[in-house]
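Heads up, the thing below is written out as structure tokens.
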Amino acid sequence: MATFSTLKALLEESLERYQSARTGEEFDRIVSLTDELTSLIDLTDQPDAVKRRNGLLTAMVLLDVWDIIPPVDLDTLPDKSAMIGDGLGTYVVPDTPIRLSRIDEGERVGEFLFDETTIRTAPRFLAGLDSETTAETGVNWRAELEQFAGPWLPATWVGSIPPSFQKDIWGTPLWKVVLSVVAGFLLFVVAALVSAALPVARRGNLLPPMSKLVYCASILPVLVLFHYLLTRQINVTGRFADGANALLAVIWFGTLAAIFWNAILAGAAAIWSSRTGSGDDAGDSLGQMVAHLIALIGAVWIIAYGLQSLGFPALSVLAGLGIGGLAGALAIRPTLENLIGGFVLYIDKPIRVGDWCEFGPYSGIVEKIGVRSTNVRAMDRTIISIPNAQFVNMELINWARCDQMLINPTIGLIYSTSSDQLRYVLAEARRMAIAHPRIDSDTVRIRFAGYGESSLNIDVRVYAQVTEWNEFFAVREDFLLRLKDIVESAGTSFAFPSRTLYVARDTPRDPQKTSHAEDTVDKWRRSKEFPFPMFSKAERDKVDNSLRYPPYGSPDSILDGAEMASGSEPLSTQSGKPTPETGD
């Protein structure tokens, strides 16, 4: 009470001096005194956005009430008869609903402040008082402080404002409302022009987030200046001040959220630009996903904090999401499954962007591993989009990870083929496979496999030392043609399946070729070079890589075994040869 009376007297003196000399120092002193008066009011339960307005409004009401009610004898305080309850916790100003309550916790514990009840009842009490009882020397504090403006606005200009523009609109004179709207419009136009003129990095995909970041950052100083004009120069009050402050708070926190969002994306874009050509496209996809997730979480919390400052329990709602987390998780379960599937694809790395793979009935080149789905370019050049949760659980065949490619035909010879003819075909086929420069000689397996319905079956399993489609098809073609030549050179032929019953003679065997094949096998026996079950080491070393490939007459044969330069169809768009262990 004593502090309030002292501050009231000091405020009256400062207003008189300010009327004669509108200086910044005196203005700051008046603002400081009103802030001190406001600090005597318990605003703990008031929303942050309206604390100052409610405190200032209550302070003006109390100043007017103090000029009307009989003077309070400060020497008689505290008056126990005016205390509520048995203790000394609450004091009521005589003949008024104005109450001072002791603060029992926090930084101001033990102090007496005008409590929440005073904030609600004091305006109604003032409205019910007889205006004739106002002291002749009293000041109409509400009218005085509503018309009060900062030193940037000359007193002569304020004094010349027509009475029609001094009318109260939402607790603020009309001229202040008009001036605030015009100032806000001009400031934001200037901000738009300045942000458009600022240089922005224009490298790759860095432009969109950086340009938005620069634009949002240019809004912040405009908001600070506009808030300064409203509170320190135009000095808006009442519900208009509430609305203006709430609007500024919404724009402020919305801008901060946009700055956070674009800053995260701009930083991520800079990292992606520096990693161009790194080959880790799956890592870049995961990086984009994580960056968007971090940006989203940060922006949501900034907006929630802003709403909390306006009196909305946004943070409590976010905290309460933990209670309803189960229902939320069930609602977004497919999205979470796809998100987790994307993480699994990145961590396990069964495929990478650019790999040729088979999955289910489809095959193609992986083009993108996204947050929700993986895109594969199929053989017909269409895009197949598979949800990550489904894709990660499929059987994936990654052709880009193979270090060699399998040639595995089964050939059938006619039943009239003699045993030595069969041995000749087997031996020469193995010799050819071992000698072939593009066949892995250590993995050659060409064996008589069994008796088919209409053929003597030979199982062939060799590995071509290639990792590119067109080259594999060329090697396989060459191998099969050489295999056909061996069969024909043995005097036999391939069988064909048939279920038709017929009476006919088989084509007679060529006596000369038959004799040659049988004599050759007999020679192997006599010279102890019979290549069954395996070739001797000396024979393997003799024939290893001895065939000419590409064959004589091929345009590429002059390259002496160099790889063909055209017709490339790699299994992966990534450079380098993958290894079965790491795929790197």
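All of these numbers come straight from a predicted model, not from anything done at the bench.
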Using side-chain contact (heavy atoms from CB on, under 4.5 Å), reason through Leu422 and Ile458 one step at a time and then give a plain yes or no. CA-CA 9 Å; Leu422 183 58; Ile458 298 176; 3.7 Å; yes
For [X] against [Y], the heavy-atom pair lying closest together:
{"X": "Trp356", "Y": "Ile365", "answer": "CE3-CG1, 3.4 Å"}
{"X": "Met405", "Y": "Phe472", "answer": "CB-CD1, 3.4 Å"}
{"X": "Tyr415", "Y": "Gly452", "answer": "OH-O, 2.6 Å"}
{"X": "Pro409", "Y": "Leu480", "answer": "CG-CD2, 3.8 Å"}
{"X": "Ala427", "Y": "Pro531", "answer": "CB-CG, 3.9 Å"}
{"X": "Ala257", "Y": "Ala299", "answer": "CB-O, 3.8 Å"}

Over 60° means perpendicular and under 30° means parallel, so classify the ring planes of Phe532 and Phe530, tilted if in between. tilted
Filter on salt bridge (Lys or Arg N to Asp or Glu O under 4.0 Å), then keep only pairs touching residues 375-386, sequence neighbours left out; what's left?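 Checked against salt bridge (Lys or Arg N to Asp or Glu O under 4.0 Å) - neighbours excluded - the pairs reaching residues 375-386 are Glu367-Arg377.
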Quick test of your reading: applying salt bridge (Lys or Arg N to Asp or Glu O under 4.0 Å), list the pairs with at least one residue in residues 406-433, sequence neighbours left out, ordered by first then second residue.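 Every pair satisfying salt bridge (Lys or Arg N to Asp or Glu O under 4.0 Å) with a residue in residues 406-433: Asp420-Arg423, Asp420-Arg525, Glu428-Arg431, Arg431-Glu539.
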Between Tyr362 and Ile386, is the side-chain contact (heavy atoms from CB on, under 4.5 Å) condition met? List the steps. CA-CA 11 Å; Tyr362 306 106; Ile386 312 100; over 6 Å; no
Is a side-chain N or O of Asn408 found less than 3.5 angstrom from the main chain of Val462, in a donor-acceptor match?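 It does not hold such a pair.
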Please check: side-chain N/O of Thr382 versus main-chain N/O of Ala378, any donor-acceptor pairing under 3.5 Å? no
Atom [atom1] in [X], atom [atom2] in [Y]: separation rounded to 0.5 Å?
{"X": "Thr492", "Y": "Lys513", "atom1": "OG1", "atom2": "NZ", "value": "11.0 Å"}
{"X": "Phe260", "Y": "Ile264", "atom1": "CZ", "atom2": "CD1", "value": "4.0 Å"}
{"X": "Asn457", "Y": "Thr410", "atom1": "CG", "atom2": "OG1", "value": "6.5 Å"}
{"X": "Ile407", "Y": "Phe473", "atom1": "CD1", "atom2": "CZ", "value": "11.0 Å"}
{"X": "Lys368", "Y": "Asn375", "atom1": "NZ", "atom2": "CG", "value": "6.5 Å"}
{"X": "Leu481", "Y": "Phe479", "atom1": "CG", "atom2": "CZ", "value": "11.0 Å"}

Just so I know, are the side chains of [X] and [Y] near enough to count as touching, which here means a heavy-atom distance under 4.5 Å?
{"X": "Ser363", "Y": "Met379", "answer": "yes"}
{"X": "Phe359", "Y": "Val376", "answer": "yes"}
{"X": "Ser441", "Y": "Asn545", "answer": "no"}
{"X": "Asp459", "Y": "Arg445", "answer": "yes"}
{"X": "Ile439", "Y": "Ile434", "answer": "no"}
{"X": "Trp399", "Y": "Thr467", "answer": "no"}
{"X": "Ile414", "Y": "Phe496", "answer": "no"}
{"X": "Phe535", "Y": "Val543", "answer": "no"}

Please lay out, stage by stage, how Val425 and Gln421 fare under the test side-chain contact (heavy atoms from CB on, under 4.5 Å). CA-CA 6 Å; Val425 170; Gln421 279 181 302; 5.6 Å; no
Taking atom OH as the centre, does Tyr451 end up with more than 12 heavy-atom neighbours from other residues, nucleotides or ligands that are less than 6.0 angstrom away? no
Lys/Arg N to Asp/Glu carboxylate O, Arg482 vs Asp478, below 4.0 Å: yes
Using the test ring pair (Phe, Tyr, Trp, His ring centres under 6.0 Å), find all partners of Phe494 that sit at least two apart in sequence or belong to another chain. none
Side chain to side chain donor-acceptor pair (under 3.5 Å) evaluation trace for Ser515 with Asp519: CA-CA 6 Å; Ser515 176; Asp519 290 344; 3.3 Å; yes
Please walk me through it: do Ile259 and Leu220 pass side-chain contact (heavy atoms from CB on, under 4.5 Å)? CA-CA 10 Å; Ile259 289 175; Leu220 291 183; 3.4 Å; yes
